Amino acid sequence: MFWTQKEIILPEFSHGIHPITSQLLSELPELSRVSVGLLHLFILHTSAGLTINENTDPDVPRDLDRVSQTLFPEDFPYRHTLEGRDDMPAHLASSMFGCSLTIPVTQGHLRLGTWQGIFLVEGRYHGGRRHLILTLHGQE
Amino acid sequence: MFWTQKEIILPEFSHGIHPITSQLLSELPELSRVSVGLLHLFILHTSAGLTINENTDPDVPRDLDRVSQTLFPEDFPYRHTLEGRDDMPAHLASSMFGCSLTIPVTQGHLRLGTWQGIFLVEGRYHGGRRHLILTLHGQE
Amino acid sequence: MFWTQKEIILPEFSHGIHPITSQLLSELPELSRVSVGLLHLFILHTSAGLTINENTDPDVPRDLDRVSQTLFPEDFPYRHTLEGRDDMPAHLASSMFGCSLTIPVTQGHLRLGTWQGIFLVEGRYHGGRRHLILTLHGQE
């Protein structure tokens, strides 16, 4: 059994939904050691999330973000407003998209579908650099 | 430690939310070998998802689908429209319901609650046959 | 490899989103045995869910709940109504927040971010005591 766990720090992203598959793969040379396993991604923040969606047309994450802004609007009469008008919509996006992903690993590679990529859901206008915990485990 | 991973192909389903627990179980005779473990399900598509909900009254998945059609409407002014009016709502459903599930395994069985079943969220009108990766691991 | 799995029963909570991190930790003395691992939480119900969000200002879970009541309203023309007007909104919350969580474990502790806590999403007015399956696995 192989286990490894590491914390990585993403660059700062603007408000929106951004592809991060390439950066994650560059941080995970250990993937090549796993024949059958799982990769778990966990974001250590409550105003950002993680999701998997289409990695080809950049309008897909843009549209996902535009609809999420209508579902989790800034002009709702929130009580939690001290951290800014973008904060509660960001908390909502974090819970609804989710703060973690688990992805199968096969023969040293992430077993993603042809069109699937991994995205950061950045809910804040100035969210800063986001920290992720990557946990990889499986059979060597 | 026991690990197994396989790709399965579901039959084509119509747009909506459909029970797939029985088919998944029929594809997993290896469950009986696991005393304590986890089953991970992952759909290799960005216009369909997976969810767990009530397995008894078929009106529950129907109502889930009807509300998701109001949350992820076809008449939103999407930019990504080339693949049809059902495509962006399907991408939204995939991210919001989620593309994977992890379910506990106990004494050779899925440890689902009395009313819980596993459902495919088919977001397209003609989505075709959907491919899933099943990863089962645990103690023998 | 260390594996343990147990069922725990939460106290009854009112409709809303409630912090449960402390109770979960008190049920998991085995955490101290895991140096690198994962904790999986699974709720055995279809009218409640689990989520991670801000653990400091109690207005955050209140606002999450208030928005989820607008997204999953009681006055939608549901077909599944026999179990009460709060039942379908509860099924929706269960699928959209999700019924399980996976959290990294490092050096005997849950690797949560500074502001992150674990919450029960109670979708019913009288949901009763909710049962969870905790599955902890990793390297000793």
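Just so it is clear, the structure is predicted and the values come from calculations on it, not from any experiment. No hydrogens, no waters, no symmetry mates; every other heavy atom, side chains included, goes into these values. Note on naming: letters A, B, ... go to the chains in the order of the sequence lines (proteins, then strands), and numbering restarts at 1 for each one.
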Distance-only polar pair, side chains of B:D57 and C:H80, donor-acceptor under 3.5 Å: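 Their side chains do contain a donor-acceptor pair, which is all the 3.5 Å distance test asks for.
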Polar contact flag, side-chain donor to acceptor under 3.5 angstrom, B:T51-C:S95: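 Yes, C:S95 and B:T51 have a side-chain donor paired with an acceptor closer than 3.5 Å.
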Measure [X] against the heavy atoms of chain B and call it side chain, backbone, both or neither at under 4.5 Å.
{"X": "C:I133", "value": "side chain"}
{"X": "C:M96", "value": "both"}
{"X": "C:F97", "value": "neither"}

Part of B:T106 within contact of chain C (heavy atom distance under 4.5 Å):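 Both the backbone and the side chain of B:T106 come within 4.5 Å of chain C.
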Contact class of B:V121 relative to chain C, heavy atoms under 4.5 angstrom: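 Contact with chain C is absent: no heavy atom of B:V121 under 4.5 Å.
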So how far is it from [X] [atom1] to [Y] [atom2], rounded to the nearest 0.5 Å?
{"X": "B:E54", "Y": "C:H91", "atom1": "CD", "atom2": "NE2", "answer": "4.5 Å"}
{"X": "C:L41", "Y": "B:T102", "atom1": "CG", "atom2": "OG1", "answer": "11.0 Å"}
{"X": "B:D63", "Y": "C:L92", "atom1": "CG", "atom2": "CG", "answer": "8.0 Å"}
{"X": "B:I52", "Y": "C:S94", "atom1": "CD1", "atom2": "OG", "answer": "8.5 Å"}

When you compare the side chain of [Y] with that of [X], does any pair of heavy atoms fall below 4.5 Å?
{"X": "B:V67", "Y": "C:Y78", "answer": "yes"}
{"X": "C:Q5", "Y": "B:R111", "answer": "yes"}
{"X": "C:W3", "Y": "B:H137", "answer": "yes"}
{"X": "B:L38", "Y": "C:F42", "answer": "no"}
{"X": "C:T4", "Y": "B:V36", "answer": "no"}
{"X": "B:I103", "Y": "C:H40", "answer": "no"}
{"X": "B:W115", "Y": "C:L44", "answer": "no"}

Steps toward side-chain contact (heavy atoms from CB on, under 4.5 Å) verdict (C:H45, B:T114): CA-CA 8 Å; C:H45 306 270; B:T114 309; over 6 Å; no
Top of B:S68, B:G98, B:G138 for chain C proximity - count of heavy-atom pairs under 4.5 angstrom: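 When all of B:S68, B:G98, B:G138 are compared, B:G138 has the most.
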Whether B:R66 side chain and C:P77 backbone form a donor-acceptor pair below 3.5 Å: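 Between the backbone of C:P77 and the side chain of B:R66 there is a qualifying donor-acceptor contact (under 3.5 Å).
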